[in-house]
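What follows is a short report on a single structure.
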Protein chains: 2
Amino acid sequence: MAIDHVGAGRTGRRDAILRAAADLFAARGFHGVSIEELGRAVGTSGPALYRHFPGKEALLAAMLLDISERLAADGAAHVAAAHSPEDALDRLLRGHIAFALGEPALITVHDRELGNVPEPQRRRVRRLQRGYVEQWVDVLARLRPGVSAEELRAAVHATFGLLNSTPHSAGRLPSGRMADLLLAMGRAALLASARPGG
Amino acid sequence: MAIDHVGAGRTGRRDAILRAAADLFAARGFHGVSIEELGRAVGTSGPALYRHFPGKEALLAAMLLDISERLAADGAAHVAAAHSPEDALDRLLRGHIAFALGEPALITVHDRELGNVPEPQRRRVRRLQRGYVEQWVDVLARLRPGVSAEELRAAVHATFGLLNSTPHSAGRLPSGRMADLLLAMGRAALLASARPGG
DNA sequence: GCGAGATGTTAATGACCGCTAACATGGTCG
DNA sequence: CGACCATGTTAGCGGTCATTAACATCTCGC
């Protein structure tokens, strides 16, 4: 009974709000969800939320910052643990796939709602996102020298689109098979993209 | 001077509204755009919109129906024109890429805002989308017999995620190179996914 | 030249929303 | 015990939104 997983425990309210908000934002968009609704989703009503966040936009900012930081940190750890570029790419792919399959709502919000984050923190999220992309680009550049960085960046973005599409086809395939499928597709797409003269 | 491309011509108002709405919805989401704003974007103000659509949701419904119909019809034409499964897949890929690169706002709205379409028409959009996916699945099934339809469907959805990611990395690469890149990546991803035992 | 329909305008209405205010409660610690 | 702090509650305020009402203005077929 250490942690209350429906989110109504005496502590952890803040995290419960973030989790519920991720699901709601992913389903109906930032502007499609009201404060009252967010409160009800965690068993309180409406304005209790302001005891944990200064406002609705700040809540979104906290959510996106957390996601971006986790992705960037995990990415750095994966690259550091690898002993070859091939291995690094594999670890990056597996890590991202695990995240996308484990937290489809977070992934969805992450690439849809940046525009609603207010400006001071928006810049930080962008910087983290750029850093994460650059980790992929660096690994890919070592695997396929001679391909322009712009082309590699575009390929990485496209691969993220592939991996993040998980929420749209959720539940159709068992999670393990889906992970294998995405790994095979992602790897093939990245290597095809990076083949000079492709 | 046959057609007014900024959308203020004496006729074609309806289409101009749809075009402007696509850009705005793609940028800030359905609930993030007001009627007043939609009107201003086509040179009228606010409620003039109700002379062309019964309401905001109906406008979105018309937009998504049009996109889904175009995709499904173009897909059928491409498959019909092909003389082999390989050729059909190539035409499907090129057609979808051309659409995604040519109408990034439409593609974005198409896979984000279905949840805001009211129920009678939502079903029709879903049916059209399913039909389009099934065209891809059928072609792919002929190329790689023995792979389950569920797996092929998941692969097709993931490929759409790849191709539709265009708006997120827009303008970084010249359009022609981007099209080549997406074609190579999409084809590689689909074939990797369909390899039995992959 | 004139009724009619299509298309626009501004003003108003009712609902909802984000947020604040004012107040309650319950546990912690001096 | 009793002040304090964290965390709730309900009521209300100001603003915005989608939609409607009421009224103008063009364009045409007659």
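Reminder, nothing fancy here: chain letters follow the sequence lines and each chain counts from 1.
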- Between C/dT7 (P) and B/His52 (NE2): distance, integer Å: 6 Å
- Message: Salt bridge check, B/Asp15 against B/Arg19: does any charged N sit closer than 4.0 Å to a carboxylate O?
- Response: no
- Item | A/Arg13 CZ to D/dT9 C1', straight-line distance once rounded to whole Å | 13 Å
- Query: With distance as the sole criterion, is a donor-acceptor pair present between the side chains of B/Asn164 and B/His110 under 3.5 Å?
  - Reply: no
- Task: Have a look at B/Gly46 and say if it touches a base, only the backbone sugar-phosphate, or nothing, with a 4.0 Å heavy-atom cut-off.
- Result: nothing
- Query: Once you round it to whole Å, what is the distance between P of C/dG18 and CG of A/Leu59?
  - Reply: 11 Å
- State plainly whether the residues B/Glu134 and B/Arg153 are in salt-bridge range, i.e. N to O under 4.0 Å. yes
- Query: Nearest-Å distance, CD1 (B/Ile17) to C1' (C/dT7)?
  - Reply: 11 Å
- Task: Find the distance B/Leu49:CG to D/dT19:P and express it as a whole number of Å.
- Result: 9 Å
- Message: What is the distance, to the nearest angstrom, from the OH atom on B/Tyr50 to the P atom on C/dG8?
- Response: 15 Å
- Query: What is the distance from CZ of A/Phe53 to C1' of C/dT20, rounded to the nearest Å?
  - Reply: 19 Å
- Could you check which residues of residues 29-40 of chain B get a heavy atom under 4.0 Å from DNA chain C? Sort them by number, please. none
- Message: Would you say that A/Leu18 contacts A/Asp66 through its side chain, given a criterion of any heavy-atom pair below 4.5 Å between the two side chains?
- Response: no
- Message: Nearest to the side chain of B/Thr44, heavy atoms from C-beta on, is which of C/dG8, D/dT19, D/dT9?
- Response: C/dG8
- Just by distance, with hydrogens left out, do B/His78 and B/Asp90 show a side-chain donor and acceptor under 3.5 Å apart? no
- Query: For A/Arg124, does the CZ atom have more than 12 heavy-atom neighbours from other residues, nucleotides or ligands under 6.0 Å away?
  - Reply: no
- Provide the closest heavy-atom pair for A/Ser68 versus A/Gln129 in the form atom of the first, atom of the second, distance. OG-CG, 4.2 Å
- Qualifying ring-ring contact (aromatic ring centres under 6.0 Å, His included) pairs with a residue from residues 13-39 of chain B, counting only residues at least two apart or across chains: B/Phe25-B/Phe30
- Are A/Glu37 and A/Arg40 within salt-bridge range, i.e. N to O under 4.0 Å? no
N/O to N/O distances under 3.5 Å, protein versus nucleotides 21-23 of chain D:
residue, atom, partner, partner atom, Å
D/dA22, N6, B/Arg51, NH2, 3.4

